[in-house]
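Taking it in order: structure first as structure tokens, then the write-up.
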2 protein chains.
Amino acid sequence: MSFYFGMCQDRAMSILESVPREQAVTCCGLATSPVTQADAVRLAPVFKALGDPVRLRMVSMIAAQPELCVCEITPAFDLSSGTISHHLKLLREAGLVDCERRGTFVYYWVNPEALGALSTLLAVTEPA
Amino acid sequence: MSFYFGMCQDRAMSILESVPREQAVTCCGLATSPVTQADAVRLAPVFKALGDPVRLRMVSMIAAQPELCVCEITPAFDLSSGTISHHLKLLREAGLVDCERRGTFVYYWVNPEALGALSTLLAVTEPA
DNA sequence: CAGTTGATTCGACATCCATCGAAGCAGGAG
DNA sequence: CTCCTGCTTCGATGGATGTCGAATCAACTG
């Protein structure tokens, strides 16, 4: 049995994309529509994915380019390639990035909708 | 020796506030100005603070009100008061909320600048 | 003063997480 | 086919994290 098939296929119903729009969580800001228990459970892992210095830089690097090869990401960090892969996987599972293999190389790009949704969520419109 | 003095006093040079503006990290978006190693180390803990369902809901609850007493936050969660305090402390240390004791009660409110900075950081303007 | 209530801190514990090194897979090149 | 390289996955490990319950502190009340 292959353990290898799930790589770029797990676009993983991107936690964010799976949030029903009528819940307003992704379109109205933290303060105006309080995050429910269920939404918090969906959204927290996305923030957690950004909650590591390595992954935050990765997202930033990838976001600055239309797409970026793993072979260009790896040398920017003093980490083993296994660890790099691990972080990229977490970012994928969070729905923040997506990837595609082309020949020997694997290219990553950001999911703008995911970042945008978080941005909107945090854009507080002060109450009272 | 008192271990108790640092409660609301550690407004903690709010990681975000300590980011020099000329670095442009907090005002121009992830993609347009890649996050440096140092910035990532400062910013990641803030995202990490939001990376827990309990804390995410807490921030949301607090953000929805001008201010909120701990005694109103606690019953919303099925957690001991010690755990509630722990989470609130992390949010304080991340610079996301601030608090003040008034008599017996302690009131929390969000730091809009911190949330706004994160929001701006994630507001991607697509490259290329 | 002693007693009560709200909130934080401490100590302990189970779980999770970042990391490495090694092993395995995918796709070319010879 | 056999190598070789890029990337991922696995297994193990030290350190961080969420949780509770108990102890402590702060402030008010009687």
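Chain naming here is simple, since letters A, B, ... match the order of the sequence lines and numbering starts at 1 in each. Bear in mind that the values here come from a model prediction, so they are computed numbers and not experimental data. Heavy-atom basis, side chains included; hydrogens, waters and symmetry copies ignored.
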**Item:** Value in whole Å for how far the P atom of D:dC20 lies from CZ of B:Phe77
**Value:** 12 Å
**Item:** Sidechain-backbone polar pair: B:Thr120 side chain, B:Gly116 backbone, donor-acceptor under 3.5 Å
**Value:** yes
**Request:** Report the distance from atom OH of A:Tyr107 to atom C1' of D:dG6, rounded to the nearest whole Å.
**Result:** 11 Å
**Message:** Just the rounded figure in Å: distance from P of C:dG6 to CZ of B:Arg101.
**Reply:** 12 Å
**Asked** C:dT8 phosphate, OP1 or OP2: any side-chain N/O from B:Tyr108 under 4.0 angstrom?
**Response** yes
**Message:** Measuring to OP1 and OP2 of D:dA16, would you say a side-chain N or O of B:Lys48 lies under 4.0 angstrom away?
**Reply:** no
**Request:** Check every strand shown and say whether B:Gly82 touches a base, only sugar-phosphate, or nothing at a heavy-atom separation below 4.0 Å.
**Result:** base
**Message:** Could you measure the distance from the OH atom of A:Tyr107 to the CZ atom of A:Arg101? Nearest 0.5 Å is fine.
**Reply:** 11.0 Å
**Request:** Choose from D:dC7, C:dT8, C:dC20 the nucleotide whose nearest atom is closest to any side-chain atom of A:Val70.
**Result:** D:dC7
**Prompt:** Is there a side-chain polar atom (N or O) of B:His87 under 4.0 Å from OP1 or OP2 of D:dT17?
**Reply:** no
**Prompt:** Between atom CZ in A:Arg92 and atom C1' in D:dT8, what is the gap in whole Å?
**Reply:** 8 Å
**Asked** Counting side-chain heavy atoms from C-beta on, which of D:dT8, C:dA7, C:dC20 comes nearest to A:Ser80?
**Response** C:dC20
**Message:** Below the 4.0 Å mark, does D:dG6 have OP1 or OP2 next to a side-chain nitrogen or oxygen of A:Thr104?
**Reply:** no
**Message:** What is the distance, to the nearest angstrom, from the CZ atom on B:Arg55 to the C1' atom on D:dT17?
**Reply:** 8 Å
**Message:** Once you apply a heavy-atom cut-off of 4.0 Å, does B:Leu90 come out as touching a base, just sugar-phosphate, or nothing?
**Reply:** sugar-phosphate
**Asked** Nearest nucleotide by nearest heavy atom, which residue falls closer to the 5' end of DNA chain C, A:Thr83 or B:His86?
**Response** B:His86
**Asked** Does a side-chain N or O from A:Ser85 land closer than 4.0 Å to OP1 or OP2 of D:dT8, or not?
**Response** yes
**Asked** Nearest nucleotide by nearest heavy atom, which residue falls closer to the 5' end of DNA chain C, A:Val54 or A:Arg102?
**Response** A:Val54
**Fill in**
Which of B:Glu67, B:Arg92, B:Glu72 passes side-chain hydrogen bond (donor to acceptor under 3.5 Å, both in side chains) with B:Tyr108? It is B:Arg92
**Message:** Expressed as a whole number of angstroms, how long is the span from A:Asp52:CG to C:dA18:P?
**Reply:** 5 Å
**Item:** Path from A:Ile73 to A:Leu90 over hydrophobic side-chain contacts below 4.5 Å
**Value:** no
**Atom-to-atom span, CD1 of B:Ile84 to P of C:dA7 - whole angstrom** = 11 Å
**Prompt:** How many Å lie between CG on A:Asp78 and P on C:dT19, as a whole number?
**Reply:** 10 Å
**Asked** Counting only N and O atoms by type, is there a donor-acceptor contact under 3.5 Å from the side chain of B:Thr74 to the main-chain atoms of B:Val70?
**Response** yes
